Amino acid sequence: AQKITQTQPGMFVQEKEAVTLDCTYDTSDPSYGLFWYKQPSSGEMIFLIYQGSYDQQNATEGRYSLNFQKARKSANLVISASQLGDSAMYFCAMREGYQKVTFGTGTKLQVIP
Amino acid sequence: NAGVTQTPKFRVLKTGQSMTLLCAQDMNHEYMYWYRQDPGMGLRLIHYSVGEGTTAKGEVPDGYNVSRLKKQNFLLGLESAAPSQTSVYFCASGLAGGPAGELFFGEGSRLTVL
């Protein structure tokens, strides 16, 4: 069974607009963490943001925020004021308990000038 | 500060050949992971290790073996390479202590099996 589901293979957003990338997850472990990573065309994996399952507030890091809805098991990434440099693949990931980290299939975001 | 280093960066193999990918980290991390990335498939976990001398299977372990003899190194082996193992391989490491904490990635190793 897929642990992390990203249903948007590709998305377009106008420069300076906000965009939401969807991520749903599946786990029975009460202790877990959710991550978002960015992979530009150069290939490196860049950490963006983290949300713990016990965190009461949504995580924010600059223009990135994570919309965490625990009951719905969703952890959507919101990018505000999109920039051309935001064009990349975005991966949602989950760490269950203390061990393995699994990734979704990714969303390719393209920012249009 | 090197972080996570993967060697080699590129390799071409013939079907049936064997090879080892080396991942080295200098951050004293307990956890280490090997992923493969294929178009449309995201990153799939091959094997991982939660400490020196320990390894565990991930989502797609068949055809691969791993070893973690030293804390800083995590080796991924292909005993008899197959074309289906053509992929980009990423190593990552992270701290122990619960679900928090980001993974630090290497630059990736592109493997082609002919």
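Note that the structure is predicted; figures quoted are calculated from it, not measured. These numbers come from the heavy atoms of this one structure, side chains and all, not from hydrogens, waters or symmetry mates.
Here the CG atom belonging to Leu43(B) is positioned 5.0 Å from the CE atom belonging to Met45(A), to the nearest 0.5 angstrom.
A continuous path of hydrophobic side-chain contacts links Leu21(A) to Leu34(A) [ILVMFWY only; heavy atoms under 4.5 Å]. Val50(B) and Tyr64(B) fall into different hydrophobic clusters, defined by Ile, Leu, Val, Met, Phe, Trp and Tyr side-chain heavy atoms under 4.5 Å apart, directly or through other members. Hydrophobic clustering of Ile, Leu, Val, Met, Phe, Trp and Tyr side chains at less than 4.5 Å, counting indirect connections, unites Met11(A) with Leu66(A).
For Gln39(A), the part lying under 4.5 angstrom from a heavy atom of chain B is the side chain only.
The two residues Thr102(A) and Tyr35(B) have their closest heavy-atom pair at N-OH, 4.5 Å. In terms of heavy atoms, Tyr33(B) sits closest to Arg95(A) at OH-NH2, 3.1 Å. The shortest heavy-atom contact between Leu45(B) and Val101(A) is CD2-O, 4.0 Å.
Screening residues 46-66 of chain A for salt bridge (charged side-chain N to carboxylate O under 4.0 Å, His left out) gives Arg63(A)-Asp86(A) as the qualifying pairs, with residues at least two apart or on separate chains.
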What donor-acceptor contacts under 3.5 angstrom involve side-chain atoms of residues 104-114 of chain B, with partners at least two apart or in another chain?
unit_1, atom_1, unit_2, atom_2, d
Ser109(B), OG, Gln6(B), NE2, 3.0
Ser109(B), OG, Pro8(B), O, 2.7

- prompt: When you look at Glu102(B) and Tyr37(A), which way does the side chain to side chain contact (heavy atoms under 4.5 Å, CB included) test go after all the steps?
  reply: CA-CA 9 Å; Glu102(B) 65 185 276; Tyr37(A) 281 81; 3.7 Å; yes
